[in-house]
Amino acid sequence: MADETFNWDNLAQFKAEGRFLDGYPDDQRTFFAPRDNVHGLLVAVIGSAQHSIVVNMFGYDDDQLNKIIQAKLADQRVYVQMSLDRSQSTGAHEKQILATWANNAFGNSIAIGTSSVHNAISHLKIVIVDGVYTVKGSTNWSLSGEQQQDNELTLSRNAVIAAETRAVLDLNHDFMLKQMAGSAAGLANLKASTSPGQTPPLPPDPASATAATAATAPPAAPAAG
């Protein structure tokens, strides 16, 4: 379902009953694992992203969701910001996933760390898609969390909730970035280049910028005869 238009009116397909109770708020839908198809819902929401994905996640080892995120990381039209709890990043499966993340690519910002107080865990399970859809709840991004454990997931399309949540996720992300820069956490593959002459380190130019420069460059002078 990646890259398909997201249809709010078709979300009942992910409910076990195939419908929502009468009187549900217009801008909110709630799902429960393992009763409802929480995994399918997450695939649909994240896959629909056209402009941005902002994630703060505790447990992250769902291969299908990661495949969608990887495609968004590779798409310079989509800004992807990911904040992951450090304690969860040390698992064998998680390490395998992290090794494939392209943090240096244009429009990507990835941080791994802790909460800003006493280095406690970053326990949020939140994603904001295109600044409109906010997914919250107790559900980690793992098949066990989505399909076996008792978990709750609420999807909102309220712009005020998205804006408030984004501010919190940005603060967490900023702290984690600074934490990574000041530590030797074994996360070198996620850090920006520190080659001489780059202060601060800069990512490669996006393909769009390279193409624009080539298009506006003056024609080469004819070779001397």
Side-chain angles (χ1 to χ4, degrees), residues 1-73 78 80-85 87-89 91 93-94 97 115 121-170 172-173:
M1 298 187 69
D3 296 323
E4 292 186 5
T5 301
F6 184 68
N7 192 334
W8 183 268
D9 295 327
N10 286 345
L11 294 179
Q13 66 179 300
F14 302 109
K15 292 289 285 185
E17 303 83 2
R19 59 164 293 187
F20 293 95
L21 289 174
D22 296 337
Y24 243 82
D26 291 339
D27 59 0
Q28 180 175 307
R29 296 290 185 266
T30 299
F31 304 83
F32 297 93
R35 178 187 183 92
D36 300 323
N37 184 7
V38 171
H39 175 75
L41 173 69
L42 287 170
V43 169
V45 177
I46 299 167
S48 73
Q50 301 177 68
H51 300 287
S52 64
I53 297 175
V54 177
V55 181
N56 198 148
M57 190 57 53
F58 181 66
Y60 184 104
D61 68 354
D62 183 320
D63 287 322
Q64 187 176 8
L65 295 184
N66 183 64
K67 184 177 180 180
I68 296 172
I69 294 287
Q70 287 285 359
K72 303 301 181 181
L73 285 167
V78 181
V80 180
Q81 175 177 302
M82 304 181 70
S83 307
L84 183 68
D85 177 70
S87 68
Q88 292 292 295
S89 70
H93 194 193
E94 288 80 355
I97 289 175
S115 80
I121 61 175
S122 183
H123 202 240
L124 294 177
K125 298 103 178 202
I126 297 176
V127 60
I128 306 169
V129 175
D130 289 337
V132 177
Y133 300 110
T134 305
V135 180
K136 300 181 181 180
S138 62
T139 307
N140 285 309
W141 284 5
S142 66
L143 291 182
S144 59
E146 298 156 12
Q147 299 177 344
Q148 299 175 21
Q149 302 168 4
D150 291 332
N151 278 309
E152 179 268 344
L153 183 149
T154 295
L155 171 63
S156 162
R157 62 172 179 180
N158 184 299
V160 175
I161 290 176
E164 178 187 43
T165 307
R166 175 65 191 271
V168 173
L169 267 55
D170 284 352
N172 293 352
H173 189 73

side-chain contact (heavy atoms from CB on, under 4.5 Å) between Leu42 and Val135, intermediate numbers included: CA-CA 9 Å; Leu42 287 170; Val135 180; 4.0 Å; yes
field: Residues which pass ring-ring contact (aromatic ring centres under 6.0 Å, His included) with His51, listed by chain and number, not counting sequence neighbours
entry: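 His51: no ring-ring contact (aromatic ring centres under 6.0 Å, His included) contacts found.
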query: What's the verdict on side-chain contact (heavy atoms from CB on, under 4.5 Å) for Leu73 and Ile69, showing C-alpha distance, side-chain angles and the deciding distance?
result: CA-CA 6 Å; Leu73 285 167; Ile69 294 287; 4.0 Å; yes
Do [X] and [Y] have side-chain heavy atoms sitting under 4.5 Å apart?
X	Y	result
Phe58	Leu84	no
Thr30	Leu153	no
Ile53	Gln81	no

task: Among residues two or more places apart or on two chains, list those pairs meeting salt bridge (Lys or Arg N to Asp or Glu O under 4.0 Å) that have a residue in residues 29-55.
output: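 Listed once each, the pairs are Lys15-Asp36, Glu17-Arg35.
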- request: Can you run down the salt bridge (Lys or Arg N to Asp or Glu O under 4.0 Å) pairs that involve residues 139-160, sequence neighbours left out, and say none if there aren't any?
  value: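 Qualifying pairs: none.
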Pairs where residues 132-165 contributes a residue and the test ring-ring contact (aromatic ring centres under 6.0 Å, His included) is met, not counting sequence neighbours: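 Checked against ring-ring contact (aromatic ring centres under 6.0 Å, His included) - neighbours excluded - the pairs reaching residues 132-165 are Phe6-Tyr133, Tyr60-Trp141.
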query: Can you list the steps and then say if Ile161 with Ser156 is a side-chain contact (heavy atoms from CB on, under 4.5 Å)?
result: CA-CA 8 Å; Ile161 290 176; Ser156 162; 3.8 Å; yes
field: Separation of Lys67 NZ from Lys72 NZ (nearest 0.5 Å)
entry: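 So the NZ of Lys72 and the NZ of Lys67 are separated by 13.0 Å.
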message: Could you measure the distance from the CD1 atom of Ile126 to the CG atom of Leu169? Nearest 0.5 Å is fine.
response: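 Interatomic distance, Ile126 CD1 to Leu169 CG, rounded to 0.5 Å: 5.5 Å.
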- request: Begin with the C-alpha distance, continue with both residues' side-chain angles, and end with the deciding distance and a verdict on side-chain contact (heavy atoms from CB on, under 4.5 Å) for Val80 and Met82.
  value: CA-CA 7 Å; Val80 180; Met82 304 181 70; 3.7 Å; yes
Are side-chain N/O atoms of [X] and [Y] paired as donor and acceptor at under 3.5 Å?
X	Y	result
Ser122	Ser115	no
Ser87	Asp85	yes
Asn151	Ser138	yes
His173	Asn56	no

message: Please check if the number of heavy atoms outside Glu164 that lie under 6.0 Å from its CD is greater than 12.
response: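 No.
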- request: Looking only at non-hydrogen atoms, find the nearest pair between Gly131 and Ser52 and report the distance.
  value: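 For Gly131 and Ser52, the tightest heavy-atom pair comes out as N-OG, 3.8 Å.
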task: Taking salt bridge (Lys or Arg N to Asp or Glu O under 4.0 Å) as the test, write out the residues that go with Asp26, two or more places apart.
output: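 So Asp26 forms no salt bridge (Lys or Arg N to Asp or Glu O under 4.0 Å) with any residue.
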task: Could I get the full list of salt bridge (Lys or Arg N to Asp or Glu O under 4.0 Å) partners for Arg166, not counting sequence neighbours?
output: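 Listed in chain order: Asp170.
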message: So that I know where these two stand, are Phe14 and Phe20 an aromatic pair - ring centroids less than 6.0 Å apart?
response: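 For Phe14 and Phe20, the ring centres are not under 6.0 Å apart.
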